Amino acid sequence: MNPMLRRLLAHRGALLGIAYIVLLAAAAIFAHLILPSDPLAQDLANTLDPPSAAHWFGTDELGRDLMTRAIYGARTSLITALGAVIIAGLIGVPIGLVAGFFGGWRDAVLMRLVDVLLALPGILFAMALIAVLGRSQFASLLAVGITGIPSFARITRAQVLSLRQRDFVTAVEALGGSSTYTMFTTVLPNAWSPILVQVVILSAVAILLEAALSFLGVGIPPPTPSWGDMLRTGKGFLYEAPYYAVLPGIVLTLTILSLDTLGRTLSRLIEDRQSAEDGP
Amino acid sequence: MLIELTRRGGIAGALALASVPFQARAADLKGGTLRVALLADMQNYDPQQFTTLNFPLIKNLYDSLIEYTAAGQAIPSLATAWTIAPDNKSVTVTLRDGVTFHSGAPFTSAAVDATLKKGADPQKGKNVFATMSVVKGWSTPDAKTVVIAFNSPVPDRQITDLLQFVSVIDPAGIDTVETKAAGTGAFTVAERVLGQRIRLVANPKYWRRGEPVVSEVVFTIFSDNNAANAALESGAVDVIYGGGGRAAVRLRDAGYTLIQGPGPLVQVLRINSTRGPFKNAKFRQAFNHLMDRRAILRVGYAGLGVVTALPWAPSSPAADTSYDTAYAFDLDKGRALLKESGLSEAEMNGWKLLVNAGDEDGVAISQIVQSTLAKVGIKIDLELRQGGEFVDAMLQGKFDAMFGGVGNVQKFPTRVATNSIYRTVKNPVLGDPHPHPGYVAAIEQVNTTFGAGDGVKAAYAALNKAMIEASFAIPTNTFDLGLIVANKKIAGFTPEIDNMLVARTIGFSG
C-alpha cells in the first residue's frame, strides 16, 4: 500500500470521513436499487407525516419520502461537486502551470485574470451566471466550477514556482526537454499533492455553494431533490414538521465535515512529507 | 340610524348602516395601541394603487363613496344616497355633510371631481383607470351632489362597484398622494420608518361616531411569517395581517382568532391559448379535469378556501357550484379529452409551467400539477423565475401556462375582466383580436343585461359556459390574501369586501 495512503487511513478522522463519503456515494449511485420509493412520487393523502416505520424521516408537503429525497439529493450534490471540480481543475491547473512555469508577461496576464475572478464574490457570481443561463443542474455546476478556478490556478502556480527551481527540472531542460514536455511530464506530476488537497476542499465548497444556491431559490429547479432546496422548503415548516429540515441538514453537515477532515489531514500529511524531504 | 336610498326616482329603500352593529360593539371595546404585524412594507399612500401591499392602509386613511357588507349589499359611506337613472346611463350621488379631510379641508363634490379626474387619467388612474372605462363624464351641480354619466347603460352592481372603488382624495394633496396620505379616514400617518414600521394615530375629527376605537395603530414589518408568528405568540403584536394559510391554521388551532374576509381571490391556471398544444380547445378543456383542486387547496392554502371550477367567490351572483361537480378532478375524463384533441404525445409535451420562485405555495401546487400531468403522459418542466422577471413574463404573456390569483371575483361578474388573462381587449397574453369570441360575447351579454330576473341569470349561465368552452383559464380554488390572526383580546373586526384591514372598529375586549 502507498505509504501516504497508509498514513491517511491511520488517521481516525480521515478514515471516518472516507468511509462516510464512500457510503454516501454508493447510496447515491445505487439509490434506485436500494430504496423502495421514488423521490418524485407524491402521496397527497400523507403530507408532512412524522417519522414512522414507513417513512423513517417523515414525508414532505407533497407526501414524498424525505429519506429517499435526501439520498437522491446526494446525487445532485456529488454530481455538482464532481462537475465543478473537473471544470475548475481543467481550467485552473493549466493556467497555474503556464503562469508558474513561464513567468513574465504570461504570468502577469493570467494571474490578473485570476485576480479578477477572485475579486467576484463566489455566490454573487454564481447567481448572476444562473440568471443568464436559467436554473438547471448544468448552470449550477458551471457556476460553482468557475468560482473554483482561481484556487486551482493559484495553488498550481505556487507549486510550479517552487518546482521550477529544482535540480531535476533544470536537468530535464538541460537534456533538451521542451517546455511542454517539462511542464506536463516533469513538473505537473510532482505538483499533484496540493492539487489533490484542493480537489477535496473544492468538493466541500462546491456542495455547500450548490446547497446555498438552492436555499436561496436559484439552484436546481424542483422537483429534482436537492439538500439546499429541502432546507429551504423545510424552513417554512419548522412548526408543523421540525424534522423536515433536520435530515438534509445532518447529511449536508456530515458531508462537509468529512471532506474538510479529509482535506486537512491530506494537507498535513503532505506538509510532513515535504518537511521530511527537505531535511532538518 | 336609518339612511334612505332611492333608485330610479321612485323605488325607495331603507338600509341600516352595516357598521351599526360594530358601533354598538365599539362601545364595549377598549382603546389603546393596536400592534399589527405585516409581512411586507406598504408601497405608497395612493388609494388608487390597489395592490395588496397597500391593503393594510387604504381603508384606514381613506373612505370610499359607499361600502359593501360581507354579503355584497351596498351601504353608505361618504355618499349617503345614490340614485341610478331609469335608463342606467347615470347615477346621482349625494355626499355626506360634516366630513373633513386630514388637512382640515371640508369634503365636497370638488374632492370627488378631483378624485375621478385622477382615476380617469391613464397615467395617474392606476388600478381605478380600467373601472372608469364605462364613465362618459361627470358633473358637480352643487357641493354635495355628483352626477356620473356612463357611455352606455351599465348594470346596477357595476355602478355600485365603481362607487365602492372610489376612495376620495383631498384635492390639495392629490399630486403628492403617493408620498403623503390625503384622506378622510379614521387614522392619520404619524410616523413611517421605511421597511420597519408605520404608526397611525386616531383622526380626532373622524365622522363615524365612536370610531376609531383605538388611539393608535402600529404596523411592524416582519421579514417572514415565522417571525411574525413568534411575535404574536410572545405578545409583541396583537394581530397578523396577510400571513400565510398554514401558519394561520396552526395559530387558530392554538386558540388564536382567525378571520377570513368575504373577498377571496381565485387561484387560476392561466393558459396561453396562442401557443403550442394550447391552441387546441379539447386539449385546454382537458385541464378542467386534470386539476386536483382539493389537493391544491390543502397543500397550497391549508384548506382555507373552497374548490371552484369557475372564477367566482361563493358570494358572486354568477357562482354556480354545479360546475365544481361536473368538472371535478377526473383523470379518465381528462385522458378522454386529450384523446379527442387529436394531438400526438410529442405535441402535448415539451411546454413549461411558469412559476414564481419566491412563492413557496405556488411552487408546491405547480409540482402537484406537474405530477398529475405525468400520470396522463404529459411531461413538463417548471420554469422558475424570481420577482420582477416573473411579473414581466406574466403581464407580457411570455409563458405557456402559470398559476396566478385573480381578484374582483366577489363583485359584478364582468369585473373579472380587469384581470389580465380575462381581459376582452388589449389582453396581454391572448392579444387582439381576442381568440375566444364566445367569451367576449358572453361578457358583453352580462354587461348589457339589467335587472335581477331570468335574463340576468341566463347571461351569467352563458358566461360560465363560455369560460369552460374557452378554457384559457382553469380556476382551482379560492384563497385569502388578507387573513387576519389575532389574540383573543382583540375584537370588532369589520369584514371588508376586498379583505382590506379596517382598523377603526377594532378594539380590546375585557
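Within every chain, numbering begins at 1; the chains are lettered A, B, ... in the order of the sequence lines, protein sequences first and strands thereafter. Just so you know, these numbers come straight off a predicted model, no measurement behind them.
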*Asks:* For A/Arg264, I'd like to know if atom CZ has over 12 heavy atoms of other residues, nucleotides or ligands within 6.0 Å.
*Replies:*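 Counting neighbours around CZ of A/Arg264, 12 or fewer heavy atoms of other residues, nucleotides or ligands fall under 6.0 Å, so no.
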*Asks:* For B/Glu383, is it the side chain, the backbone, both or neither that has a heavy atom under 4.5 Å from a heavy atom of chain A?
*Replies:*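 For B/Glu383, no heavy atom lies under 4.5 Å from chain A.
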*Asks:* Sort B/Ala230 into side chain, backbone, both or neither according to what part of it lies under 4.5 angstrom from a heavy atom of chain A.
*Replies:*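 Both the backbone and the side chain of B/Ala230 come within 4.5 Å of chain A.
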*Asks:* Heavy-atom distance under 4.5 Å to chain B: side chain of A/Ala45, backbone, both or neither?
*Replies:*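 For A/Ala45, backbone heavy atoms alone lie under 4.5 Å from chain B.
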*Asks:* Non-hydrogen atoms of chain B under 4.5 Å away: do they reach the side chain of A/Ile130, the backbone, both or neither?
*Replies:*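 The answer is neither part of A/Ile130.
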*Asks:* What part of B/Arg385 gets closer than 4.5 Å to chain A, counting heavy atoms only: side chain, backbone, both or neither?
*Replies:*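 Contact with chain A: none, neither part.
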*Asks:* Quick one: closest heavy-atom pair of B/Tyr301 and B/Asn477, and the distance?
*Replies:*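 Taking B/Tyr301 first and B/Asn477 second, the nearest heavy atoms are CD1-ND2, 3.3 Å.
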*Asks:* Do A/Asp65 and A/His55 meet the criterion of a side-chain donor-acceptor pair at a distance under 3.5 Å?
*Replies:*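 Yes, A/His55 and A/Asp65 have a side-chain donor paired with an acceptor closer than 3.5 Å.
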*Asks:* Are any side-chain N or O atoms of B/Asn288 and backbone N or O atoms of B/Gln285, one a donor and one an acceptor, separated by less than 3.5 Å?
*Replies:*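 At least one qualifying donor-acceptor pair exists.
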*Asks:* Please check if the side chain of A/Glu61 supplies one atom and the backbone of B/Val299 the other of a donor-acceptor pair under 3.5 Å.
*Replies:*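 A pair under 3.5 Å: no.
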*Asks:* Heavy-atom cut-off 4.5 Å, strictly under: side chain, backbone, both or neither for A/Leu44 against chain B?
*Replies:*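 Both backbone and side chain.
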*Asks:* Quick one: which of B/Asp224, B/Asn226, B/Asp381, B/Asn225 has the most heavy-atom pairs under 4.5 Å with chain A, could you say?
*Replies:*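 Max contact count across the listed options: B/Asn226.
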*Asks:* List the atom pairs, with distances to 0.1 Å, where a side-chain N or O of residues 356-366 of chain B and a protein N or O form a donor-acceptor pair under 3.5 Å, not counting sequence neighbours.
*Replies:*
from     : atom 1 : to       : atom 2 : distance (Å)
B/Asn356 : OD1    : B/Gly358 : N      : 3.1
B/Asp359 : OD1    : B/Asp361 : N      : 3.2
B/Asp359 : OD1    : B/Gly362 : N      : 3.1
B/Asp359 : OD2    : B/Gly362 : N      : 3.3
B/Glu360 : OE2    : A/Arg232 : NE     : 3.2
B/Glu360 : OE2    : A/Arg232 : NH2    : 3.2
B/Asp361 : OD1    : B/Arg246 : NH1    : 3.1
B/Ser366 : OG     : B/Gly362 : O      : 2.7

*Asks:* B/Asp292 versus chain A, heavy atoms under 4.5 Å apart: side chain, backbone, both or neither?
*Replies:*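 The side chain, not the backbone.
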